[in-house]
Amino acid sequence: MLDITNLSASYGEARVLTDVSVTVNPGEVVTLVGRNGAGKTTLLKCVMGLHRDYEGGISLAGAPVDKRSPDQRAKAGIGWVPDDRGMYASLTVAENLTLPPVVHSSGWSLDKVYDAFPVLRERRNSMGTQLSGGEQQMLAIARVLRMGSRLLLLDEPSEGLAPVIVQRIGEIIREIKKEGVSVLLVEQNVKFASTVADRHYLLAQGRVVEQLDNADFQARESELLVHLGI
Ligand SMILES: Nc1ncnc2c1ncn2[C@@H]1O[C@H](COP(=O)(O)OP(=O)(O)O)[C@@H](O)[C@H]1O
Ligand SMILES: [Mg+2]
């Protein structure tokens, strides 16, 4: 579904990603794990086309997207949930959910969204700013599901959320996977990552230093926590 090949990215003179290759297969959940500053968010921004200063190739379902704008990449099926959740604070929950264009027929109906996220139905007339962190994260994920994206880029969805909400986000990711949607997930929460993902890439100082399947990742959890300094 997604192939990132030998990608190097910079901000001006500063190189922040070097020779990164990452693959996400159809229906697969893959995490990017690494310390703050490792380059995880930058990699997601490159995939979305929001950071253009990169070399190397990004393909979606075999088709290169490097020359495409963020808008065109969204239409091609890439959905981005930024680390700040990126919702429209001055719009209601319902307005946030009806604004994004549906890019694919698999886009979730409003009813399907409300059935999966009952709290959003309850709060449909609340402003974005009135939502808790967990509700904002659910809204942000629901928005890309409405669009029918085939590949979701989730940037630290569990950050700052209570354990019970993190668990719910995990269930949602597993439901998304069942529908055949692929997920590239940035996570610092190693335990959470191991409950949702099939494979993991460890990023350190802008390079992929290791690739692990989930069994290896779980077996090495305590070592990874030290490595990540969490
Ligand atoms: N807009 C920017 N301009 C310059 N440097 C940036 C910018 N955004 C991020 N960086 C730098 O790039 C590196 C990687 O950042 P980032 O991708 O946000 O890492 P992560 O998401 O893993 O914490 C860091 O050293 C960060 O300071
Ligand atoms: Mg980040």
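Each ligand, and each atom within it, is numbered from 1 in the order the structure gives. Side chains included, hydrogens not; waters and symmetry mates left out as well; all remaining heavy atoms used.
- Ligand 1 places these atoms under 4.0 Å from at least one heavy atom of V16: 12 (O), 13 (C).
- No more than 12 heavy atoms of other residues, nucleotides or ligands shown are found within 6.0 angstrom of CD on E159.
- Residue R207 qualifies as open at atom CZ: its count of foreign heavy atoms under 6.0 Å is 12 or below.
- With respect to atom 19 (O) of ligand 1, the closest heavy atom belonging to the protein is G39 N, 3.2 Å.
- A donor-acceptor pair shorter than 3.5 Å can be found between the side chains of N6 and D19.
- Distances below 4.0 Å separate heavy atoms of R35 from the following atoms of ligand 1: 22 (O).
- The CH2 atom of W108 sits 5.0 Å away from atom CD of E179, with the distance rounded to the nearest 0.5 Å.
- Side-chain atoms of L7 and L43, non-hydrogen and from C-beta on, do get closer than 4.5 Å to each other.
- Using 4.0 Å as the threshold, A14 has no heavy atom nearer than that to any atom of ligand 1.
- Distance check for T41 against the Mg ion (ligand 2): an N/O/S atom falls below 2.8 Å.
- The pair E171-R168 meets the salt-bridge criterion, with a side-chain N (NZ, NE, NH1 or NH2) lying under 4.0 Å from an Asp/Glu carboxylate O.
- Ranking the protein heavy atoms by distance from atom 15 (O) of ligand 1 puts T42 OG1, 3.9 Å first.
- The shortest contact between atom 1 (N) of ligand 1 and any protein heavy atom is with Y11 CE2, 3.6 Å.
- Between H51 and Y11, the ring planes lie tilted relative to each other; the angle falls in the 30° to 60° range.
- Among all protein heavy atoms, the one lying closest to atom 22 (O) of ligand 1 is K40 NZ, 2.7 Å.
- Less than 4.0 angstrom separates atom 27 (O) of ligand 1 from none of the non-hydrogen atoms of the protein.
- In this structure, D216 does not pair ionically with R220, as no charged nitrogen and carboxylate oxygen lie closer than 4.0 Å.
- Of the protein's non-hydrogen atoms, T41 CB, 3.8 Å is the one closest to atom 18 (O) of ligand 1.
- Those atoms of ligand 1 with a heavy atom of N36 less than 4.0 angstrom away are 23 (O).
- Nearest protein heavy-atom neighbour of atom 23 (O) of ligand 1: G37 N, 2.7 Å.
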